[in-house]
Amino acid sequence: MSALLSVSDLSKSFGAVVVADQTSFVVEQGAAIGILGPNGAGKTSLFNLITGALRPDAGRIEFGGADITGVSAAERCRLGICRSFQIPQPFGGMTVFENALVGATQGAGLSGGSAEIHAIEVLEATGLLPKANIRAGALTLLERKRLEMARALSARPKLLLLDEIAGGLTDAECGELIETINRVHAQGTTIIWIEHVVHALLAVVQKLIVIDFGKKIAEGEPREIMGSAEVKEIYLGMDPDA
Amino acid sequence: MPDSLLALNALDAHYGDFQALYGVDMSIERGEVVSIIGANGAGKTTLMRSISGLTWNDPAQVVFDGQPIGSLRADLIAGLGIALVPEGRQLFPSLSVEENLVLGGKTGRSGPWSLDKVYDMFPILGERRSQASTSLSGGQQQMVAIGRALMANPDLILFDEISLGLAPVVIGTIYDVLPGIIGEGMTALLVEQDISRALAVSSRVYCLQEGRVSLEERTDQVSREDITEAYFGATAA
Amino acid sequence: MSAPAVTRATRASRIAMLVAALVLAMLALAPWWAGRADMRLMGEIYLYLSLACLWNLMAGYAGLVSVGQQAYVGFGGYMLFALTVFGGLHPIAAIAAAGGLAAAVSVPVATLIFRLKGAYFAIGTWVAAEVFRLSFAQVSALGGGSGSSLPVGIVRSLSSSRSGREALSYWLALGAAVVVIGTIYLFLRSRRGLALTAIRDSEAAASGLGIDIWRTKLEVYVVTSALTAVVGGLIFLQKLRISPDAAFSVNDWTAFVIFIVVIGGIGTLEGPIIGTLVFFAIRETLADFGTIYLMILGAVAIVVMLKAPKGIWGLIRDRYDLELFPLSYRVHYEGKGRKGS
Amino acid sequence: MIEWVNALVQGVLLGGLYALFAAGLSLIFGVMRLVNIAHGDLIVLAAYIGLSTTMVLGVHPFVALLIVMPVMAAIGYALQRGLLNQALGDDILPPLLVTFGLSVIIQNALLEGYSADPQKLNGGVIETASISLGGLAVGILPLLTFAIAVAVIAVLQWVFYSTGLGRGFRAVSDNQEIAQLMGLNKAHVFGLAMALALAVTAIAGILLGVRTSFDPAIGGGRLIFGFEAVIIGGLGNLWGTLAGGVILGVAQTLGAKIDPGWQLLAGHVAFLVVLAVRPNGLFPRVEH
């Protein structure tokens, strides 16, 4: 396997608040990685840095072997990096189908009928087809989260970044979500997933990275990481013996 | 409950066009310390906003000291004696440390707290009183945020995620002063994701899950299993 | 299940297109049925309608809230005069050339004023318009600060008879409105239009989906400015006289246009059309009360903005879920796709 | 040579007037992120209220300030509470459109009330008096205008950074929601800020009216001068606004020295150059 994404010594701070502190890691082609950490640890900022919504103060990001540190967010999407937003940002005045069509035409570069077919396929895969003609602004929160993933998928990403999409789902819904993500992964898409719902995460990823205060504090095999006392204390805020 | 200082009655709250709270009932008695726990998105912050008046509700859904305040403006609620230590501290960057504290006392309510008393409790703030609040460390900023709320001499103080983004040793320092604050006769409501800290300082706990109360219990009677179940949902453990 | 199909037209839109075609045919025949004064008024309506649609594309879709589009109205007017008087061009060729020149000029202007954000961008566009006004006031060959009239020979080159000129001028105005609305409609229906609508709803998400926001906005600004200059040329072809103050009037070419769009409904194609009709209804009804109508218009715009920010068309659309221009996509599958049509 | 020095001095002094146009604009942008398109028309309104006051009471325009300032402040407070507060929010269009509408209403109301004829405030001997400074004859009125501008900005600076009112302004500017939790009524604080801004506008309007003739249509131009001074100086910096006004004034008088028709153009060009080279202005406030 070759490295698809390689992040080295990435740093970013806003005044006194450090959101990335010399973070380095490598994501192999075809991997599925989970990112854990308490609120405010810098997880979403890390996504912003990878997608180009934020510029790092220092460090380097490589994608598919090429340096993309100075490349715009739009260009990174066309290269194949696409993300869902933790706080959903639907195109509220457009229908669900049109939301997906934006990704299919702009991100994946499809046109005409093939873009429409792709958008419909994505909606079908994410269970949103019955809502295709609804204005995205009228969706419930859960549907918006699903739309976030659908829209990211519609751009045909090589690397899919998912930001907290399982929170608040029922068990059945969560199961469906896991199935969808696993299917996307099986089709060859590399995945990085930030999630608090640990059991969902563990059903998908082969590796976990834990960050706190913008710093990577652990990386490794999921069971091992979840078993470590340090992670339990930092992440759940529970004393191991409580 | 006859002596409840704060009562939430079937509180529904919306955040944008999304409903964040569904029929939440709560009752906090005078002098109690109650903690509220729950996963991200469970509705904790919306609850704080509803109580402090940043989100408007039906008048009778929030009752403070016998008075319906659900649709009262935030500045008027502040005047009635509710103060919030907000998530992420939210100091005023254009104001010095001392100006932040003085502004906290804007409501003019009388009580035990004053600038001197805040400086006694957090001596470092006295030393840095004329500095910009943004030049302080995260822990010191949290002290200013707490001091700012105390300056209002509130009857009810709300703490929203005060350990968020702070190093463990700093969290320890902050929690060490809480008993002293509450000892002054204040009632406190504590939203916290650091569950063991929350349970240690409070007498009762509510857990929120997807905008509904999933657990209400005395802290000395609650088990870790109860919490895990209420926190993550039935089959997550 | 049968494969889902995607359509764009609705019954309402088909009827609307049919009605529009009939109305258009009737309007095109106006020189044979309308009086001279009515034709002048209708010509003015078409030109205001064009300005409103253009400003709406820029502000309502691309988020570029400009209060300086009089820059291009005046530019187009002055180019008509300059290119016909000094360049010897036919007026219609001059107006077309004015559009091209405005596009070229708008690029450096955009690179400067795009540095300003939000409301400051708005006032920055006004400054740009002032620079245009003062610059043209310096050109003594075009009459300097007091302006000039279009020479009789050039006016005659349009048509030798007065009624012929009036008919031509009317058709040009009608044609401009059709071209402007048609261009905007086709643009919004295209992939780029989809991108633009996405930018309107969320810039963060749009750029994350591969849309180059700065470039898209620049394209809109350039196209809008070019067409605005064409409309400006036609306005002064009707007036036959130009001066810096008239050509670059912020009230005439921007304030009223904004009021029209907001009253009708910003961010929709239908809104400016309705707004233009309302504007002229108010103006013609209150014409005898001098400037009072301007004050009433300002007040109406304020009230609409605060009480019904989506405008008249927004109210209608929310109530009846109508769409006259088929821009939306509708997915049909297993017979459930008619939802919302 | 001496002519150029003279032009320079006149430009600096003219900058004082522009700083007064800008100060109110800067203040309300700083406190509530509102850009007021009607600002120039409010300056002209103040001049007309001054005109009526001098005519009815027969007082000097500067004495009329005792009436014009409170009247403008009251108008400001009422406008803010009654209208502008409803327009504030994340979307920039409502405040822009509402103040644009206000601008059209004020202009046409003045036109109805006072006609389009140019008017002037009679300042008496002060208009022509001058003192000699190293061979230059410097007018008392421009000198006074500049001194008043410096004083007004010093007072605003003091209010902003050393009073409880200013603390409220800064707190609301930083974070509206949290400021309300401190017991500040946002609507009232905004009203006070607009009242203060329009009190400054009153001073600007009277000085404008004594200096030159005015008519109902000139508001737009005054708005632009004020806006340019704010941007040249850097957003959120009151002394920077004074510097911005001075740069604008100097550019205009030097431009006029070359060719009388270039006065305004030179000012706009100076603004565009600053925008191209230093888009955040020459003295932007340092964000913490």
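All chains are named by letter (A, B, ...) in the order of the sequence lines, taking the proteins before the strands, and each is independently numbered beginning at 1.
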Query - Backbone of B:Ser94 reached by a side-chain donor or acceptor of D:Asp174 within 3.5 Å - result: yes
**Report entry** Point-to-point distance, once rounded to the nearest 0.5 Å, from CD of D:Glu177 to OG1 of B:Thr55
**Finding:** 7.5 Å
Query raised in the report: Could you give the distance from CG (D:Leu184) to CG (B:Leu103), rounded to the nearest 0.5 Å?
Result: 5.0 Å
Query raised in the report: Does any non-hydrogen side-chain atom of B:Glu99 lie less than 4.5 Å from one of D:Arg170?
Result: yes
Query raised in the report: Quick one: do the D:Asn175 and B:Gln90 side chains pair a donor with an acceptor below 3.5 Å?
Result: yes
**Report entry** Gap between atom CE of D:Met182 and atom CE of B:Met151 - 0.5 Å precision
**Finding:** 11.0 Å
Query - Distance, nearest 0.5 Å, that separates CG of D:Leu181 from CG of B:Leu54 - result: 4.5 Å
Query raised in the report: Which pair of non-hydrogen atoms, one from B:Ala78 and one from D:Gln180, has the smallest distance, and what is that distance?
Result: CB-O, 4.3 Å
Query raised in the report: Atom CG of B:Asp75 and atom NZ of D:Lys186: how far apart are they, to the nearest 0.5 Å?
Result: 10.0 Å
